[in-house]
Structure formats: C-alpha cells, structure tokens
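Below, chains carry the letters A, B, ... as their sequence lines are ordered, and counting in each starts from 1. Because the structure is predicted, anything quoted here is derived from the model rather than measured.
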Amino acid sequence: MCSALQLFDEMPQRMTPTWNAMIIAYSRRHSPMKVLSLYRQMIIEGVRPDSSTFTVALKACASLFDLEFGEEIRSLAVNCGYKDDVFVGSSLLNLYAKCGKMDEAMRVFDSMPKRDLVCWTTMITGFSQCGRAAEAVGVYWRMKDEGLEGDSIVMVGLIQVCAILGDVKMGLSIHGHMIRRDLRMDVFVETSLVDMYAKNGLLEIARHVFKKMSWRNVVSWSALISGYAQNGFAGDALRLLVEMQDSGLEPDLVALVSALLACSHIGFLKLGESIHGFIMRRLEINRISATAIIDMYSKCGNLSSARALFDRITSRDTISWNAMIASYGIHGHGREALSLFIQMKSQSRPDDATFASLLSALSHSGLVEEGRYWFDLMVKEFRIQPSEKHYACMVDLLARAGHIKEAQKLIESMTIEPGIPVWVALLSGCRNHRKLEIGEMAAKKVLELKPDDAGIYTLVSNVFAAARKWDEVASVRKVMKEKGIKKVPGYSVAEVNGNLHAFLMEDKSHPQHEMIMAMLERLNSKMRDMGYVPKTEFVLHDLEEEVKEQMLCNHSERLAIAFALLNTAPRTRILITKNLRVCGDCHTATKFVSEIADREIVVRDVKRFHHFKDGACSCGDYW
DNA sequence: ATAGGGTTAG
C-alpha cells in the first residue's frame, strides 16, 4: 500500500480507474475512513466517479453507519446517471439496511427497474438482522416467484430467521434444501447452522455440524460456546473455551462474554474475575462486555465490584442500566434499585425488562407503595403493556406483604390469562399469611395448570395440608404421578480456593463425606441448644418425623456449607450457589450457622441472594 | 478494468 500510495501521489495525471484502484484497495483492507477521504479528494479535484467508485463509497458509509454522507453520495450518483445501476442500487439498499432503515430500503427496492440476486439478498438479510423475520421470509417468497433461486448467502439470511423465530422445522428444511441442491457449505453457512441449532436447544446437532466443519474460525467456536452458555450448560461452555484455546485460537470478546454468562450461572467468581482481567489486558471493555461483567459480579455475590464497573461505563444503554438495577434487586436493595431507576429514566428509555427488575426489587424489599406507584406509571406514562412477568411481580409484591385481597383483585383485572407464576405468587403469599381460603383457591388454579416443577407441588400440598384438606393433598400426588414429575435434583456449588465443588442432595459420594457429616452433627447439636427446631413441613413425603429431619440436614446447601467451613480459613466469606430456592428450614439453620461459626455465608438461590451474618439474613426473612 | 449481499455476545 505504501508504494502504491507513493506512486499514486507522484502521478501527473490520474484518471477515474486510477482513483478507483486506490479506493478499492482501501476498501479491501477494511479502511472505510480512507475510502471516503480519497473519494472526497477525488471530487474536489474534479475527477468524475463512476459506478464502482460510488459502490465502494456507499459500502464504506454502510460500515460506518454514516447515513448522511451516504445520501450525499446517492444524489451525486443519480446526477451522474447511475440511478438504475444495480451495483449502486444494492450498495444503497445495504446502507439503509445497516442503518436500520428497512422501510426506506424497501421503497428503493420496489422502485428498482432491475434487481439481481445481491439486491434480494440484501433485503432478506436486512430484515432478518433487524428482527423482522416474517418480512425476510416474505421477500424470499417474492424472489422465488420471480424465478430466482437462492444461493448460500441467501440461506445464511434464512437460517438467521430460523434462529430468531425458534423455528427448527424450517431450519432443518433449509439445511436439507442446501444438501439436495448441493449449495456450497462454507464457514459462514455452517456457523449459522451451529448457531441456529444451538439457540433452539438442539446442542447435539449443533455440535455434530460443528465437528464436521472442515475448518472453524473464532466465530464458529463462539457460536457453539454461546449456545451452551445460553442453554444453561455452563460446564460444557467453559470446557469448549479451553478446547478452543488448545486448538490454537485466541478467544474473542464474544466467546468471553459467553464464558462470563456461564460463570454467572454457576457462581464461578474466580474464573469470572480472571476473564475480566484478560479482557482488560488483551481486548477492550465495551458496553456489552461491561454489562456481562457487571452481571457476573453481581450473580457471583460481589455487588460492589459490579457497581464500580457500572460507574466507569461512559455510554450506558437500557440493557446496562437494567443489569445494574437487577443486581440491586437480587441482593435485596430495593431502595438503591429505585434510586438508580430514577437516575436512569432521564438518560435511557426504560423497557419491559427494566420494570420487571424494578418491581421484583421493590417486592423483595417490601416497598409496596412504591411498587403500586411505578406499576401504574409503567402503564400510563411509559405505555408498556404489563406482561405476565410484571403481573407476577406485582402479585408477589402485594401478597408477600399480606395484601392478599388486593393481589387477588389485580389478578381479576388482568387482560391476559393468569398463568402459573401469577398463581404461585398469590399462593405463597397465602401460605405465609395463613390465608387458607384464598390459598386453596389459588392452589386449585395452580394444580389445574399442571406445572412441572416439584417445588410448586410442595407449596400446593403444604397449603392444602394446612387447611386440612387431605383429599386435595392426595390429588396433588395424583397429578404429580400422572405427569411423572420428578424432583429436580437440588444441588449447591461452593467455591473453595478458586475451585468449584458441587453437592447433590443427600450426596454421599464426596471424599470428605464422613467429615462433612460429623461437622453437620456438631452444628446441629449447637443449633438445638440455641433453640432451633427443624421445620419438617418443607419435606413432601409420608415419613416419620425423624427421617424428615434427617432429610433436611442433607439438603445440598448444608453439605456445601459444611464442606466450605472445613476447607477455608476461619472468617473467610463462604459463597454458595444453588439451583432451587432455599427452603425455610435451611434458611433458619444457616442463620444459626453464621453465628456459631462466625462466618459470613452468602447463598444465591434461584431467585435472589441471602447474606447470612451474625445469626441474621440480609433478606430480613422477607423472601 | 475494478465494484455490491453472509457467521458469534450483554
């Protein structure tokens, strides 16, 4: 390039093709700024651009999202007689598509007298990438009607559509179509397929396609890693990251953001921290990676690190704000969540997720008045239609605080059919406040909807049992049996010295099992001396009281806590992550343990954090 | 004497 540029500068006479040669060279090297500055210079020197000059200049504008300059180039191209040129036209379509102006692109497209495959592809991909899946498919059918067949690049657009829509059937048929028509399978097509299958939870197929690829790049790896991470297979995602490095590829931001998601999921703070460090040293902290790191710190129990990073993001968008508000929520800081929200609304537009996080935060802090107020404003001022999630938060907020009647009224006023989360929120409020009549009604609704979560059946059964409705208790069992409900195995993960240790309920497989049981025994006897009485209603079985008590002691978080106590230095903070909610008995027990052992014990359950310290929990028993 | 459409993340 140096020599070319030197020669170019020395040339006494430079014709259009001469300029084009330089401009195209910069375009190929992905230097859109250079492309545009040469283009400007060419115009100033009075050299007339041709179709290729305009095409490349418009492409540069598209990659810089510079709509304004693009329009200027467009009008000059029209003046120079290239109004109907397909190259200029397709580049213009691409410019509008990249800038999110699909309606304008469609207008231009419809006015084009000649359209080739590239124009059609631009429209299909444009719609697919801005999430307008149905219109992407519509354009494809129009193209077929005009007798054109799609090539590999068209298929990439359609595969993305399937990924967005969650339409595996269509995905499979496109995949089949490509094989039958012998369309070229390159790394782009195969990576889109991996992504599409993975996003739809078909990880076996995604992995199979991935394995059969003749060569893979960073993007292919990232697609698969993100698929595992998003489907909750944190271990597989993290193993793939290591495998990727072993194969000689450096992970990029996308792969690491997915790895952070996996760390958040299992509470792997040590690894999350080291990924944060790696990103700072070797890559860049952009808005997306920052949000992922904030989420990781918060879900791994480190709220202050999350906030510190949040304060350093200069350009926050709705998603970054949402992440921070949700962080305060899961740690039980409703007031902070609210004040952050109030700051947010003057800078970014709150969306449905913002309100879901805010309402949930208010609910966990018992800020009922504030909850009512903002729910109302969400509908009236922010024009956000409440979804099931919002209703569930509000019913939870009201019922948890004992406003059972009001919660019931809210359900009756719902414009959408109340589902399991809404009834469960009412039901658990009824259980806590001993409102057995309404509780029974809610329990019946839940039962009708046949959930597949064993924990919900326990709740339903408890309420019937409290109301002494033994026939109903029996019917719970019947539904469970019919549906073949198996208890989701409860597990807890403890991070000790940077390693994760997982415990299942009643886990006897651990090498330190004997020591762990002895530790639990010691803790139990001290707890009883201090007045602890096991709450056996949290066990759903027809068993002797003594056996039930034994089962409670074997809940996975107790094993994990005992293990952590045995293997960490005195006074070290203990961090436990579990996949279910903490049961009421374990909650009481852990408070005692925090006092007996003089430890801060941080437990993340499936909904929120509990910080146990000196015999009390940060949730104030309001959970 | 060349030029336009494609893969992954919060």
Side-chain angles (χ1 to χ4, degrees), chain A residues 15-25 27-28 35 49-60 62 82 85-95 97-98 105 115-126 128-129 150-160 163 184 186-196 198-199 206 210 213 216-227 229-230 237 244 251-262 264 279 283 285-296 313 316-324 326 353:
Chain A
M15 313 299 286
T16 302
T18 325
W19 285 91
N20 284 353
M22 279 314 295
I23 292 176
I24 290 161
S27 175
R28 286 188 183 154
V35 169
D50 66 5
S51 160
S52 20
T53 324
F54 290 125
T55 302
V56 176
L58 285 169
K59 182 188 160 96
Y82 296 110
D85 186 284
V86 275
F87 276 77
V88 173
S90 58
S91 309
L92 192 61
L93 293 177
N94 186 44
L95 169 71
K98 288 282 160 2
R115 292 182 286 241
D116 64 3
L117 187 60
V118 176
C119 297
W120 288 100
T121 315
T122 307
M123 294 306 291
I124 293 169
T125 317
S128 119
Q129 289 180 347
D151 65 0
S152 295
I153 303 180
V154 171
M155 296 307 141
V156 169
L158 294 176
I159 293 165
Q160 287 179 305
R184 188 170 43 91
D186 58 18
V187 67
F188 288 83
V189 175
E190 291 172 312
T191 302
S192 319
L193 285 170
V194 168
D195 177 59
M196 183 270 296
K199 277 213 173 76
F210 180 83
M213 290 171 74
R216 314 168 184 96
N217 58 20
V218 185
V219 181
S220 329
W221 281 92
S222 300
L224 191 62
I225 292 172
S226 117
Q230 290 178 345
M244 172 183 182
D252 64 350
L253 260 188
V254 182
L256 293 174
V257 163
S258 301
L260 284 166
L261 185 66
S264 302
I279 293 176
L283 299 159
I285 301 209
N286 62 9
R287 193 159 56 200
I288 295 178
S289 57
T291 308
I293 297 166
I294 288 169
D295 182 65
M296 179 279 295
I313 314 181
R316 301 166 184 154
D317 66 359
T318 298
I319 304 178
S320 1
W321 284 100
N322 289 356
M324 198 63 231

Looking at every strand, decide which applies to [X] at a 4.0 Å heavy-atom threshold: base, sugar-phosphate, or nothing.
X	result
A:S220	nothing
A:R115	nothing
A:S51	base
A:N322	nothing
A:D195	sugar-phosphate
A:V194	nothing
A:E190	nothing
A:V189	base
A:L117	base
A:V187	base

Check side-chain hydrogen bond (donor to acceptor under 3.5 Å, both in side chains) between A:D195 and all other residues, then give those that pass, not counting sequence neighbours. A:K199
Which pairs with one or both residues in residues 85-95 of chain A pass side chain to side chain donor-acceptor pair (under 3.5 Å), sequence neighbours excluded? A:S51-A:D85, A:N94-A:K98
Which residues share a salt bridge (Lys or Arg N to Asp or Glu O under 4.0 Å) with [X], sequence neighbours left out:
X	answer
A:R216	none
A:D116	none
A:D317	A:R287

Hey, are A:D252 and A:S222 close enough side-chain-wise for a donor-acceptor pair under 3.5 Å? yes
Note: chain A reaches DNA chain B at heavy-atom distances under 4.0 Å over the stretch, first to last nt, 5' to 3', of B:dT2 to B:dG10
